[in-house]
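Just so we're clear, the structure is a prediction, and the values are computed from it rather than from any experiment. Numbers restart at 1 for each chain; the letters A, B, ... are given by sequence-line order, proteins then strands.
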Amino acid sequence: MTDAFKPRSDFLRVLIERGYVHQCSDYAGLDAKALSGSLVAYIGFDCTAPSLHVGSLLQIMMLRWLQQTGGKPLALMGGGTTMVGDPSGKDESRKLLSVEQIEANKTGIRKVFDRFITFGDGRHDAVMPDNAGWLATLNYITFLREVGRHFSVNRMLAMDSVKLRLGREHELSFLEFNYMCLQAYDFVELNRRCGCVLQMGGSDQWGNIVTGLDLGRRMGTEQLFALTSPLITTASGAKMGKTAAGAVWLDASMLAPYDYWQFWRNCEDADVGRFLKLFTVAPLGEIARLEALGGAEINEAKKVLANEATAMLHGRVAAEEAAATARQTFEEGALAESLPTVDVAAAEFEAGLGALTAFVRAGLVASTGEARRQIRGGGLKVNDVALADERAVIGRDALMASGVVKLSLGRKKHVLLRAV
RNA sequence: GGGGGAGUGUCCCGAGUGGCAAAGGGGGCGGACUGUAAAUCCGCUGGCUACGCCUUCGUAGGUUCGAGUCCUACCUCCCCCA
């Protein structure tokens with residue numbers, strides 16, 4: 001579908017070339033708008049968590065490219081919609097957050113955006129509005145009279161997302177049904193306030209976004225546009241961003257840069273090229289070269305991916321540190337001082353620390369029971385020596401010159417215990 | 001409002017005759033093979049001061065030597081009728 005269209009604007013060209021585009025309501029129209037140099041676009045973000053995770057990275061990158069190509073990005077915080085809870089598909093309704101929590105979350109999220117886009121008051125500076133600004137004070141009757149009358153229930157019922165819900169056993173509550181109305185209203189409000197004409201989002205947002213276009217037309221805004229990105233799964237079909245440890249957070253205090261680097265380093269072969277295009281700003285020519293590497297050489301491409309992705313989020317220095325730690329640990333088999341470290345009182349080593357407890361302390365296993373199981377499966381190592389006895393004790397003799405013991409779970413997860 | 005059905009190992013789905021730490025999947029973790037990949041094969045997948053002890057089957061009681069399993073009430077969800 002996008003093949004036939006030749007964009008003239010940098011914005012659309014980059015997005016299409018790099019694989020961000022799944023669907024667009026009007027390629028030519030949007031292209032012309034982008035070419036005019038005054039394109040303002042927004043993406044909505046949940047503020048139910050203190051930061052964002054890689055699941056949102058694709059959207060963040062789209063805003064980044066928008067700014068890079070001369071547009072103005074709006075990162076809309078769903079402070080208002082968070083108050084009613086996000087119903088999209090989930091069985092469990094989200095717990096209500098206090099206003100303070102929402103504010104704190106917004107601060108954390110803002111930190112992420114600051115790494116990718118520039119905020120300010122200028123023409124192309126990004127802005128982070130909060131829909132609580134207009135939703136919280138909405139009067140029901142006024143809303144129905146001025147906005148609600150424009151929604152066609154017939155049309156909404158025909159939407160895939162709604163049909164799906166009606167067909168399944170899970171009901172669709174009135175609140176959820178209204179959610180898309182609020183989202184559509186956000187779009188119109190952002191158009192009035194900031195001249196925003198484009199909403200972007202994941203492909204699952206298509207229906208909601210188009211509802212916004214429709215509302216805009218009925219309420220007399222200028223022509224609005226919709227553009228969605230594909231749902232990103234790994235080559236083997238898994239949803240991206242889930243690891244054993246949990247979500248891949250975009251915050252150093254929630255996920256260390258080293259782990260973030262490892263996340264990208266461990267991607268599947270078949271994903272490298274696509275991920276380089278989506279999650280780094282490396283030139284396409286360079287990516288094509290890296291992507292073409294075969295066999296074990298593809299690991300070079302993975303390192304570039306990890307380096308670039310980490311540098312963008314945590315800075316070049318942190319990325320290089322992570323790369324160095326990985327190199328020492330995996331390629332040279334040396335002890336990298338910068339591995340995740342947990343402090344343990346020196347006295348405990350004197351007394352002899354139970355190996356099971358030590359691994360629990362290091363956070364490598366959740367319980368001593370799990371530690372026992374891993375030992376049986378040969379998964380635990382102390383200073384690179386597989387642990388065979390559950391009752392083993394880690395004493396002072398295990399400490400290396402630098403005063404640390406290296407504990408490993410499998411081949412990839414290592415933690416240092418340091419005597420203090 | 002009336003009738004019928006369902007809630008199981010806190011990741012998910014899902015068997016279960018009164019003796020059950022509870023079948024089987026998926027997912028996840030570990031091992032082997034590799035390249036810190038994929039695919040494949042194997043093991044593990046309640047907790048603990050661990051040849052024993054403790055806590056689990058929507059919630060609270062009851063019957064029983066013994067309850068996921070039987071009885072009662074309550075909660076939640078689904079379906080049909082109104």
Using whole Å, report how far [atom1] of [X] lies from [atom2] of [N].
X: A:Glu370; N: B:C11; atom1: CD; atom2: P; answer: 12 Å
X: A:Leu380; N: B:C29; atom1: CG; atom2: C1'; answer: 11 Å
X: A:Ile375; N: B:C29; atom1: CD1; atom2: C1'; answer: 15 Å
X: A:Arg265; N: B:A38; atom1: CZ; atom2: C1'; answer: 14 Å
X: A:Phe330; N: B:U36; atom1: CZ; atom2: P; answer: 9 Å
X: A:Trp264; N: B:A37; atom1: CH2; atom2: C1'; answer: 16 Å
X: A:Lys412; N: B:G30; atom1: NZ; atom2: P; answer: 8 Å
X: A:Lys303; N: B:G35; atom1: NZ; atom2: P; answer: 13 Å

Atom [atom1], compared across [N] and [M]: separation rounded to whole Å:
N: B:C12; M: B:G28; atom1: P; result: 15 Å
N: B:C65; M: B:C75; atom1: C1'; result: 32 Å
N: B:C71; M: B:G47; atom1: C1'; result: 32 Å
N: B:C78; M: B:G14; atom1: P; result: 16 Å
N: B:U10; M: B:U56; atom1: P; result: 13 Å
N: B:G25; M: B:G43; atom1: P; result: 11 Å
N: B:G24; M: B:G16; atom1: P; result: 14 Å
N: B:C51; M: B:G58; atom1: C1'; result: 36 Å

Conformer about C1'-N of B:C57 - syn within 90° of 0, anti elsewhere
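B:C57: anti.
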Would B:C20 be called syn or anti, given that syn covers angles within 90° of 0?
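B:C20: syn.
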Counting side-chain heavy atoms from CB outward, which of B:G35, B:G30, B:A38 is closest to A:Leu409?
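Selected nucleotide (nearest to the side chain): B:G30.
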Write out all pairs satisfying ring pair (Phe, Tyr, Trp, His ring centres under 6.0 Å) with one or both partners inside [range], taking only residues at least two apart or from two chains.
range: residues 395-420 of chain A; answer: A:Phe330-A:His414
range: residues 344-400 of chain A; answer: none
range: residues 292-327 of chain A; answer: A:Tyr260-A:His314

How long is the gap from NE2 on A:His53 to CG on A:Asp251, to the nearest 0.5 Å?
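Answer for the NE2-CG pair, A:His53 versus A:Asp251, is 12.5 Å.
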Mind running side chain to side chain contact (heavy atoms under 4.5 Å, CB included) on A:Val281 and A:Met61 for me, showing each step along the way?
CA-CA 9 Å; A:Val281 294; A:Met61 289 299 287; 4.1 Å; yes
B:U36 base / A:Gln262 side chain donor-acceptor hit below 3.5 Å
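For A:Gln262, whose side chain was compared with the base of B:U36, there is a donor-acceptor pair (under 3.5 Å).
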Applying a 4.0 Å non-hydrogen cut-off, can you work out what A:Arg373 is touching in the nucleic acid: base, sugar-phosphate, or nothing?
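Result for A:Arg373 = sugar-phosphate.
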Touch class at under 4.0 angstrom, heavy-atom based, for A:Ile298 against every strand present:
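Base, at least one base atom sits under 4.0 Å.
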Please tell me if A:Thr329 has a side-chain N or O lying less than 4.0 Å from either OP1 or OP2 of B:U36.
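Result: no.
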Tell me whether the OP1 or OP2 atom of B:G30 has a side-chain N or O from A:Lys413 closer than 4.0 Å.
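Result: yes.
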Hey, what's the ring geometry for A:Phe5 with A:Tyr27, parallel, tilted or perpendicular (30° and 60° as the breaks)?
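Ring orientation, 0 to 90° scale: tilted.
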Both A:Lys381 and A:Trp261 contact RNA chain B. Which one's nearest nucleotide lies toward the 5' end?
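Its nearest nucleotide being more 5', the pick is A:Lys381.
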In terms of the nearest nucleotide of RNA chain B, which residue is placed more toward the 5' end: A:Gly378 or A:Glu331?
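Final value for this comparison: A:Gly378.
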Just to verify, what does A:Arg376 make a side-chain hydrogen bond (donor to acceptor under 3.5 Å, both in side chains) with, not counting sequence neighbours?
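Applying side-chain hydrogen bond (donor to acceptor under 3.5 Å, both in side chains) to A:Arg376 gives none.
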Just the table, please: protein N/O against nucleotides 49-56 of chain B N/O, every pair under 3.5 Å.
| residue | atom | partner | partner atom | Å |
| --- | --- | --- | --- | --- |
| B:A50 | N7 | A:Arg372 | NH2 | 3.2 |
| B:A50 | N6 | A:Thr368 | OG1 | 3.2 |
| B:A50 | N6 | A:Arg372 | NE | 2.6 |
| B:A50 | N6 | A:Arg372 | NH2 | 3.4 |
| B:A50 | N1 | A:Arg372 | NE | 2.7 |

Nucleotide opposite B:C44 in a Watson-Crick or G-U pair, distances under 3.5 Å
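Matched B:C44 with B:G28 under the 3.5 Å cut-off.
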What residue pairs, at least two apart or across chains, pass side-chain hydrogen bond (donor to acceptor under 3.5 Å, both in side chains) with a residue in residues 339-365 of chain A?
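Residue pairs with at least one partner in residues 339-365 of chain A: A:Asp343-A:Arg418, A:Glu348-A:Arg361, A:Glu350-A:Arg396.
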Should the pair A:Arg18 and A:Phe279 be classed as cation-pi, given the thresholds of under 6.0 Å to the six-membered ring centre and 45° from the axis?
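A:Arg18 over A:Phe279 ring: no.
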